[in-house]
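Have a look at the structure below before the remarks.
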Amino acid sequence: MSGHGLTGFVTLTRREILRFLRRPRNTFVPPFVTNVLYFAVFGVVLGERVGTMKFDGLTVEYITFILPGLVVLGAISNAFENSSFSIFHGRWNRYIEETLTSPMSYSRMVAAYIVSGAVRGLLVGTLIAGIGAFFTSVGVAQPLYLVAFALVITLLFSSVGVVGGLWADDWDNLTMMNQFLVRPLVFFGGVFYTVNSLPDGIFRDITLLNPMVYMVNGIRYGFLGASEVNPNLSLAVLSGLTLVFMLVDAYLFRRGYGLTD
């Protein structure tokens, strides 16, 4: 990366990060309130009825079991929302044209949007983990895996958000993608139940096709050291998927998809 390219990348990344840091009421307060309710209702109230969860030879309290899934939900939702909003807002107000006419390459432009979205996802994920620590004691059994999965899933959904921002025709499209695509996939991805608890059949088979299962189990492995799926295989597949979406993003920018009338 040349000096000019590095300067442009850093400047654009810094601008996008400062954009959400300067609006904490929109960035951090909603996930804080939402996850306090999640932990209070699902973890404390429902957790007393459920008791403990058993998976991969490990037995943990229910609130401890759901914590990694809630971290995933917050991290990927915010990573997706940040990059999709940045792209669409720039298109809507036409200031993205200033970025497109800069000397940066398209791949560096895309990288700036992806990195800034991933930073927001990581910050929100860390916030949720901190909230969970007030409700239950949970350690970090596999720190390297936790960091690796956190980076991969936030980069992945920030990359998906770039596609969403280019595709969306109005603000309703952005809301629809996050509320009716991302969140349902997470809720059916083993956040509140174990995959092994599902009876054999089509529902279990469909669940295993859900990529969220592998993300949630990957983060759960980082926190608890146990997983229902092979963490190495999950990390490899998710890393490959992230690379594919990054390449797609760069290709769409180069083609001008959604960027030109």
*What do the steps show when you test F245 against F157 for side-chain contact (heavy atoms from CB on, under 4.5 Å), and what is the final call?*
CA-CA 9 Å; F245 269 97; F157 271 83; over 6 Å; no

*asked:* Test side-chain contact (heavy atoms from CB on, under 4.5 Å) on F65 and F55; report intermediate values, then the result.
replied: CA-CA 10 Å; F65 175 80; F55 69 105; 3.7 Å; yes

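- The one candidate from T154, L21, I128 that meets the side chain to side chain contact (heavy atoms under 4.5 Å, CB included) condition with L123 is L21.
- F85 CZ to N26 CG: the interatomic distance, rounded to the nearest 0.5 Å, is 8.5 Å.
- Screening residues 96-141 for ring-ring contact (aromatic ring centres under 6.0 Å, His included) gives F39-F135 as the qualifying pairs, with residues at least two apart or on separate chains.
- Residues V140 and V60 share a hydrophobic cluster, clusters being chains of Ile/Leu/Val/Met/Phe/Trp/Tyr side chains in contact below 4.5 Å.
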*CA sep, side-chain torsions, deciding dist, call: L58, M53, side-chain contact (heavy atoms from CB on, under 4.5 Å)*: CA-CA 8 Å; L58 184 68; M53 298 290 287; over 6 Å; no

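- Hydrophobic clustering, with ILVMFWY side chains joined whenever heavy atoms are under 4.5 angstrom apart, keeps L243 apart from V160.
- Formation of a donor-acceptor pair under 3.5 Å by the N217 side chain with backbone atoms of S227 is not found in this model.
- Without hydrogens or angle criteria, S158 side chain to I114 main chain gives a donor-acceptor distance under 3.5 Å.
- Here side-chain hydrogen bond (donor to acceptor under 3.5 Å, both in side chains) pairs that include residues 10-24, with residues two or more places apart or in two chains, are E16-R19, E16-S86, R19-N82, R19-S86.
- The closest donor-acceptor contact from the side chain of T194 to the backbone of G190 lies at 3.5 Å or more, if one exists at all.
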*Does the side-chain contact (heavy atoms from CB on, under 4.5 Å) test come out yes or no for V213 and N210, once each step is laid out?*
CA-CA 6 Å; V213 170; N210 184 349; 4.1 Å; yes

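- Other residues, nucleotides and ligands contribute only 12 or fewer heavy atoms inside 6.0 Å of the CZ atom of F32.
- F192 pairs by the ring pair (Phe, Tyr, Trp, His ring centres under 6.0 Å) definition with F42, F187, not counting sequence neighbours.
- A distance-only check finds no donor-acceptor pair linking the side chain of Y214 to the backbone of N230 [under 3.5 Å].
- Side-chain atoms of R91 come within 3.5 Å of backbone atoms of L166 as a donor-acceptor pair (strictly under, hydrogens ignored).
- Contact check for L156 versus F80: no side-chain heavy atoms found under the 4.5 Å cut-off.
- Of all non-hydrogen atoms in E228 and N196, the two that sit nearest each other are OE2-N, 2.9 Å.
- Applying the ring-ring contact (aromatic ring centres under 6.0 Å, His included) rule to pairs touching residues 217-240 yields Y145-Y221, sequence neighbours excluded.
- Remark: L235 engages A148, F149, V152, S239 in a side chain to side chain contact (heavy atoms under 4.5 Å, CB included) (not counting sequence neighbours).
- Hydrophobic clustering of Ile, Leu, Val, Met, Phe, Trp and Tyr side chains at less than 4.5 Å, counting indirect connections, keeps V229 apart from L224.
- Note that the CD1 atom of I87 and the CG atom of D249 stand 8.0 Å from one another [nearest 0.5 Å].
- For residues 54-64, the side-chain hydrogen bond (donor to acceptor under 3.5 Å, both in side chains) pairs, not counting sequence neighbours, are T64-T136.
- Transitive grouping of hydrophobic side chains (ILVMFWY, heavy atoms separated by less than 4.5 Å) brings L70 and L185 into a common cluster.
- One N or O on the side chain of S102 and one on the backbone of T99 form a donor-acceptor pair closer than 3.5 Å.
- No donor-acceptor pair closer than 3.5 Å links the side chain of N93 to the backbone N or O of Y95.
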